[in-house]
Protein chains: 2
Amino acid sequence: MNALGKHVIAEFYECDYETINNHELVEDIMLKSVDLSGATTIKSVFHRFSPYGVSGVVVVSESHFAIHTWPEYGYCAVDVFTCGDLIDNQAALDYLKEKFGSKNVSVVEMKRGVLNLGVDLHHKPVGN
Amino acid sequence: MNALGKHVIAEFYECDYETINNHELVEDIMLKSVDLSGATTIKSVFHRFSPYGVSGVVVVSESHFAIHTWPEYGYCAVDVFTCGDLIDNQAALDYLKEKFGSKNVSVVEMKRGVLNLGVDLHHKPVGN
């Protein structure tokens, strides 16, 4: 089934409170996970909530990485949405699991942009 | 089933080429959809690809809205991830469908952060 993108929806449970409540650290870890996957960061936006919690998104050439943390529950919601066959999502997820100290991870992968146009799909223009 | 968030994964097909290739317009439409849902914008990041396509994310107090467009296929991938019971995701989706001129929409809704901690879940601290 031909699709434009792959969307990994990951639930990280039982994470380390201090790590996922530190917005600078969460941003560093997310940006490093982008690098490890082979994706290319365009821009990132991170926000710290009071009294706890972090939300952040990295727009990458291949789509986006997003995170929302609830330190009080030891939980992070992570999305890794990428296009093309060259991105190693698993490398990103393995790194995030290790850095967040998550003891329990649940992952669902969805195809995005499943089109029946009778043509080959290119996630970016041919030749670019 | 108690969950911290709701994640709507929407596929907009057969959209208007000019609209979904105009990154300023796509940003305006996304920000307006956030307003219509009752969510609160914190920061947004939008990027135009060459020769076509737009990626953008709006970080909101309640999580995030994201979009990636492939004008050449008339397709947009939209995510609306929100927390709490006060956000009207449907209002956002209806508005996006209308503005993008999409003739065909597919939607999946997932619960995020389904935790079995034996306590009531609060998407933000009680009293805030």
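All chains are named by letter (A, B, ...) in the order of the sequence lines, taking the proteins before the strands, and each is independently numbered beginning at 1. Since the structure is predicted, the reported quantities are computational estimates derived from the model, not experimental observations.
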For Ala39(B) and Ser37(B) the tightest heavy-atom approach is N-OG, 3.1 Å
How close do Glu11(A) and Gly113(B) get, heavy atom to heavy atom, and via which atoms? OE2-N, 2.7 Å
Can you name the residues of [range] that have some heavy atom under 4.5 Å away from a heavy atom in chain A?
| range | value |
| --- | --- |
| residues 25-34 of chain B | none |
| residues 81-104 of chain B | Phe81(B), Cys83(B) |
| residues 53-69 of chain B | Ser55(B), Val57(B), Val59(B), Val60(B), Ser61(B), Ser63(B), His64(B), Ala66(B), His68(B) |

Sorted by chain and residue number, the side-chain contact (heavy atoms from CB on, under 4.5 Å) partners of Lys43(B) (sequence neighbours excluded) come out as Val45(A)
Val80(A)-Ile20(A) co-clustered via ILVMFWY side chain contacts under 4.5 Å: yes
If hydrophobic clusters are built by linking Ile, Leu, Val, Met, Phe, Trp and Tyr wherever their side-chain heavy atoms come under 4.5 Å apart, do Val8(A) and Ile9(B) end up in the same one? no
Closer than 3.5 angstrom, by distance alone: can the side chain of Arg112(A) be matched with the main-chain N or O of Cys76(B) as a donor-acceptor pair? no
Against chain A, label Phe12(B) side chain, backbone, both or neither, depending on which of its atoms sit under 4.5 Å from a heavy atom there. neither
Tyr13(B): which of Trp70(B), Tyr73(B), Tyr75(B) passes ring pair (Phe, Tyr, Trp, His ring centres under 6.0 Å): Tyr75(B)
Working to the nearest 0.5 Å, report the span between CD of Glu72(B) and CG of Leu4(A). 7.5 Å
Distance (rounded to the nearest 0.5 Å) between Glu109(A) CD and His7(A) NE2: 10.0 Å
